[in-house]
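Take a look at the structure set out below.
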Amino acid sequence: MPSSLVALAHQLAPRAGYNVTRLPSVRILRSETILEDVPVLYQPGAVFVLQGSKQGFLNAGIYRYDEDYYLAVSVPVPFRMASQASPERPLLAIYVDFDLRLAAEIVTELEIRYQDVRAEPAKGLVSSLMEPAISDMLLRMLRVLSDPIETTILGPGVLRELHYRVLVGPQGGTLAAALKQRGAAGKIVQSLARIRESYCTGIAVAELASEIGMSVPSYHAHFRALTGTSPIQYVKAMRLHEARLMIARRKGPIAAIAAKVGYASAAQFSRDFRRHFGRSASEEANWMREHLGEVV
């Protein structure tokens with residue numbers, strides 16, 4: 001990784017945890033701690049590790065994202081994560097949330113003009129080699145972020161190019177398949193959006209399957225192929241991760257937050273939370289503030 005890229009990241013991420021930038025969809029993580037078996041739920045986007053290393057674990061798959069590989073996420077996927085870092089050599093990583101409308105627009109333009117997006121099965125997570133074009137793009141983006149005027153004038157163009165570079169990379173076909181919402185995977189993407197809107201209410205798998213014209217067994221199979229988990233476990237993970245954020249942001253008493261994300265029993269919420277995160281809700285909130293900073 002170019003030393004100038006790491007130096008700029010150091011300047012833009014002076015404190016431990018997530019550092020916001022002048023572009024709302026871009027954050028820079030600084031971590032000085034070794035982490036193991038941490039549950040995460042990434043939104044669609046990409047993670048570029050400039051220094052240090054991370055690994056994602058989903059079922060039997062291991063997804064490497066470090067100084068040589070980056071991670072692209074096409075749909076929200078709950079998985080487990082580990083990372084290597086130290087105070088002497090902190091982990092520095094750029095997190096970019098995808099603008100899904102912009103990404104779909106780019107895919108459509110590529111298909112119309114060049115037919116250059118390969119038809120591949122959609123996947124929730126893809127690890128890809130950090131090619132020179134990506135490193136150059138990241139360097140220019142951090143330079144733009146270092147200057148408020150350049151961010152205002154050049155920021156939207158930089159983000160558009162970053163979307164383009166990811167979509168024409170090795171994982172472009174799998175991302176395009178999810179974005180274009182074609183075939184069985186496309187139907188599951190639509191269903192994930194429905195779950196995102198109504199995860200806090202009672203959701204029947206049979207109803208979700210019926211809405212997209214699938215049998216329940218077919219829905220289960222295609223759902224697991226894209227997300228690596230079952231619909232019921234996915235909904236539970238989403239509820240717990242949303243509650244985790246609310247608790248860290250001090251949005252109210254834990255019992256009230258449990259009810260807000262769809263739990264009828266505060267005791268059941270506490271049991272599920274500890275089983276998923278390995279800590280109580282209040283302990284997890286303190287852990288997040290220590291390792292990730294104030295969650296905004």
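For the ring-ring contact (aromatic ring centres under 6.0 Å, His included) with Y234, the qualifying choice from F223, F79, Y219 is F223, the only one to do so. The only member of L138, L92, D136 that meets side chain to side chain contact (heavy atoms under 4.5 Å, CB included) when paired with L5 is L138.
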Please assess L41 against R244 for the test side chain to side chain contact (heavy atoms under 4.5 Å, CB included), listing each intermediate value before the final yes or no. CA-CA 11 Å; L41 176 62; R244 178 183 187 241; over 6 Å; no
Could you walk me through whether V144 and L23 pass the side chain to side chain contact (heavy atoms under 4.5 Å, CB included) test, one step at a time? CA-CA 10 Å; V144 166; L23 290 174; 5.7 Å; no
Hey, mind stepping through R194 and E211 against side chain to side chain contact (heavy atoms under 4.5 Å, CB included) and telling me if it holds? CA-CA 10 Å; R194 163 86 160 84; E211 286 177 352; 3.0 Å; yes
Would R279 and E290 satisfy salt bridge (charged side-chain N to carboxylate O under 4.0 Å, His left out), going step by step from the backbone distance to the final call? CA-CA 14 Å; R279 286 178 282 268; E290 178 184 352; over 6 Å; no
Going through the checks in order, is the side chain to side chain contact (heavy atoms under 4.5 Å, CB included) test met by V75 and V77? CA-CA 6 Å; V75 295; V77 175; 3.7 Å; yes
Test log, rule salt bridge (charged side-chain N to carboxylate O under 4.0 Å, His left out), inputs E105 and R101: CA-CA 6 Å; E105 174 190 316; R101 184 173 299 177; over 6 Å; no
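Evaluation of the ring-ring contact (aromatic ring centres under 6.0 Å, His included) rule for F273 yields F269, F277 as partners, not counting sequence neighbours. By the salt bridge (charged side-chain N to carboxylate O under 4.0 Å, His left out) test, E88 pairs with no residue at all, sequence neighbours left out.
In this structure, S191 contributes its side chain and K187 its backbone to no donor-acceptor pair below 3.5 Å. Side chain of T21 to backbone of V26: a donor-acceptor contact under 3.5 angstrom is found. Although no hydrogens or angles enter the test, the distance criterion places a donor-acceptor pair under 3.5 Å between the side chain of R30 and the main chain of A13.
Remark: M238 CE to I195 CD1 distance equals 7.5 Å, nearest 0.5 Å. Atom-to-atom distance recorded for L208:CG and M214:CE is 11.5 Å, nearest 0.5 angstrom. Taken from CG in L139 to CD1 in I134, the straight-line distance is 13.0 Å, to the nearest 0.5 Å.
Put simply, the side chain of D99 does not reach to within 4.5 Å of the side chain of R160, judged on heavy atoms.
Scanning both residues, R289 and A248, for their nearest heavy atoms gives NH2-O, 3.2 Å. Summarising the geometry of L159 relative to H163, their closest heavy-atom pair is O-ND1, 2.8 Å, with the distance given to 0.1 Å. When all heavy atoms are compared, the tightest approach of L145 to R22 is O-NH1, 2.7 Å. What you find for I153 and P156 is that their closest heavy atoms are O-CD, 4.2 Å. Nearest heavy-atom pair, P78 versus L58, reported as atom, atom and distance to 0.1 Å: O-CD1, 3.5 Å. Closest heavy-atom contact between E67 and M130: O-CB, 4.2 Å.
L129 and F48 fall into different hydrophobic clusters, where Ile, Leu, Val, Met, Phe, Trp and Tyr side chains are chained together by heavy-atom contacts under 4.5 Å. Put simply, Y70 and L142 are part of the same group of oily side chains (I, L, V, M, F, W, Y) that touch within less than 4.5 Å, one to the next.
A cation-pi contact, defined as under 6.0 Å to the ring centre and within 45° of the axis, is absent between R64 and Y69.
A salt bridge does not link R140 with E150: none of the charged nitrogens is closer than 4.0 Å to a carboxylate oxygen.
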